[in-house]
There are 2 protein chains.
Amino acid sequence: MARTVKGPDARRERWKGHREQRRAEFVEATIAAVARKGPDVGMDDVAAEAGVSKPVLYRHFTDKSDLYLAVGQRATELLMDRMGPALLADGPIRGRIEQIVDAYLSVVEDNPNLYRFVVKGSFVDRPVEKDVVAEDKNLIATALARILGDYLRALDMDSGGAEPWAHALVGMVQNAGDWWLDRQTMSRANLSDYLATLIWHAIDGLLRSAGVEADPEKPLTPLRLVD
Amino acid sequence: MARTVKGPDARRERWKGHREQRRAEFVEATIAAVARKGPDVGMDDVAAEAGVSKPVLYRHFTDKSDLYLAVGQRATELLMDRMGPALLADGPIRGRIEQIVDAYLSVVEDNPNLYRFVVKGSFVDRPVEKDVVAEDKNLIATALARILGDYLRALDMDSGGAEPWAHALVGMVQNAGDWWLDRQTMSRANLSDYLATLIWHAIDGLLRSAGVEADPEKPLTPLRLVD
DNA sequence: AGTAAGTGTTACTTGAGGTAACGGTTACTT
DNA sequence: AAGTAACCGTTACCTCAAGTAACACTTACT
């Protein structure tokens, strides 16, 4: 009943899922094209890779930047798929940091061209919110900032640093990752270890300055420190 | 005598200085155009700003990326002019870190559009070595890495982390700076302080793990620690 | 006087992003 | 059964910014 009442024409609904599937298909094609022809592919290349002509592409993406945005989001998924578990895992804090860092680096390692495409292949004219990379970094940094802020407040410390620190940490890992990708001069495991060491020391120092002795081999007591 | 011997035609020499001056002039025009029209100026805009037509520009720059490269180098000068003193200054280590960070942020604050233009307005097709930003970051990171490495070796610690740590620190400051530039939600002084705190703690932690107690209020003893 | 560097112009070519206009297919609506 | 709303797809075009060709004038060295 509710189906024919006034439901605005089922012909419109028929494609609901299809469109998304098609978009996904083109996103995959773009990724394939990037892998094959390097990070500076054009719309023609992508269309060719998808076995289709340009206008078809433009039926599904308003714009080059729209397509690239979608690719970026796909990359975000890849990233989150691997970082998620590490982020949620429980365990010794020092080890967790290393896992998170290593998860990030593993994605970079496995998809170098895609990574370069997404991170470096941006536009000058990106209208503020169309920058996936910035969005991603914000996403991660924001999550981090909340965690940091909660802890700091729980310890009665100034929590004003939470946000800048979060962004600093994100930038740190990213830049070290960029450097590593260009001149792979050490193993991923080594790099993860070095970075985790640095981060751990930074966090430990902050805690120390509040009189808290944290054990890197133990899980972080979740906000029960001042109860 | 040596002048007319075979000296390959003084007509060639006559312009030696002139060309450089002209390039500088166009670089300034580009910066002005960027400041006026935002970071996505085109060659026509630049030419217009310089009161000249496009081909003139192309006599002095092979390429758009050549011009932008020169702009980047100019920006590097601005940056180094302010960071240099802070880098060379002597004094309490914690304070020096803050000065260096603050010097960086002050440049960002004073030239937001130029900064965005240089940092974000790069090309996908930059042929490896034409990326000023990457070059700059490398420059700074390499210098940092040397300092870190020397200290670590002097302390008989593993110096393998020097390079990744240097890049990590650079990325940290840069990313925090980017974030701050977008949503200026705290004063520059505050941000500098927070970042310096984080960096200090990281360094202090590394030293502590080697059994060295560093005083943030004192200058770093320059490599005489193990003599 | 000749010429090698520079000054500058207008008008063009090129290439990639993006669009117009056309025709065909499917399955819902009337 | 006819109509139509969504899609499929094509070729041929438009547009705009980067980059070039061709031409003419100036200056100071040979």
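In what follows, chains carry the letters A, B, and so on, assigned in the order in which the sequence lines appear, proteins first and then strands, with residues in each chain numbered from 1. Side chains are part of it too, since the values below use all heavy atoms of this structure and drop only hydrogens, waters and symmetry mates.
Ion pairing of A:R22 with A:E25 is present here, as a side-chain N (NZ or NE/NH1/NH2) and a carboxylate O approach within less than 4.0 Å. The pair A:R116-A:D178 does not count as a salt bridge, with every side-chain nitrogen at least 4.0 angstrom from each carboxylate oxygen.
Regarding A:L57, its CG atom lies at a distance of 15 Å from the P atom of C:dA16, rounded to whole Å. Following rounding to the nearest Å, A:D44 (CG) and C:dG15 (C1') show an atom-to-atom distance of 9 Å. Whole-Å rounding puts the B:D45 CG to D:dA17 P distance at 8 Å. In this structure, the CD atom of B:Q21 is 14 Å from the C1' atom of C:dG6, given to the nearest Å. If you measure from atom CZ of A:R23 to atom P of D:dC7, you get 13 Å, rounded to the nearest angstrom. Rounded to whole angstrom, the span from the CG atom of A:D63 across to the C1' atom of C:dG18 amounts to 9 Å. Following rounding to the nearest Å, A:E20 (CD) and D:dC7 (P) show an atom-to-atom distance of 12 Å. Regarding A:K64, its NZ atom lies at a distance of 17 Å from the P atom of D:dC16, rounded to whole Å.
Shown are A:K37, A:K64, A:K54; of these, the salt bridge (Lys or Arg N to Asp or Glu O under 4.0 Å) with A:D44 is made only by A:K54.
The side chain of B:H60 contributes an N or O atom lying less than 4.0 Å from OP1 or OP2 of C:dT7. For the OP1/OP2 pair of D:dA6 and a distance below 4.0 Å, the side-chain nitrogens and oxygens of A:R19 include no atom meeting the criterion. Dashed line: the shortest gap from a side-chain N or O of A:R22 to OP1 or OP2 of D:dG9 is under 4.0 Å.
A 4.5 Å side-chain heavy-atom check between A:I31 and A:R74 finds at least one atom pair inside the cut-off.
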Report each atom pair, protein N/O against N/O of nucleotides 19-22 of chain C, whose distance is under 3.5 angstrom.
none

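Listed by first and then second residue, the salt bridge (Lys or Arg N to Asp or Glu O under 4.0 Å) pairs involving residues 193-203 of chain B are B:R94-B:D193 (not counting sequence neighbours).
Of the candidate nucleotides D:dT10, D:dG19, D:dG9, D:dT10 has the atom nearest to the side chain of A:S53. Of the candidate nucleotides C:dT7, C:dG17, D:dG9, D:dG9 has the atom nearest to the side chain of A:V52. With C:dG17, C:dG6, D:dT10 as the choices, the nucleotide that has an atom nearest any side-chain atom of A:V56 turns out to be D:dT10.
Remark: C:dT30 base-pairs with D:dA1; criterion is Watson-Crick or G-U wobble with both hydrogen-bond distances under 3.5 Å.
The aromatic rings of A:W179 and B:H167 sit parallel to each other, their planes meeting at less than 30°, with 60° as the upper class boundary.
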Residues 136-149 of chain A, side-chain donor-acceptor partners within the protein, below 3.5 Å, at least two apart:
unit_1	atom_1	unit_2	atom_2	d
A:D136	OD1	A:T76	OG1	2.9
A:D136	OD2	A:T76	OG1	2.6
A:K137	NZ	A:Q174	OE1	2.7
A:K137	NZ	B:N175	OD1	2.9
A:N138	OD1	B:R183	NH2	3.4
A:N138	ND2	A:A134	O	3.3
A:T142	OG1	A:N138	O	2.5

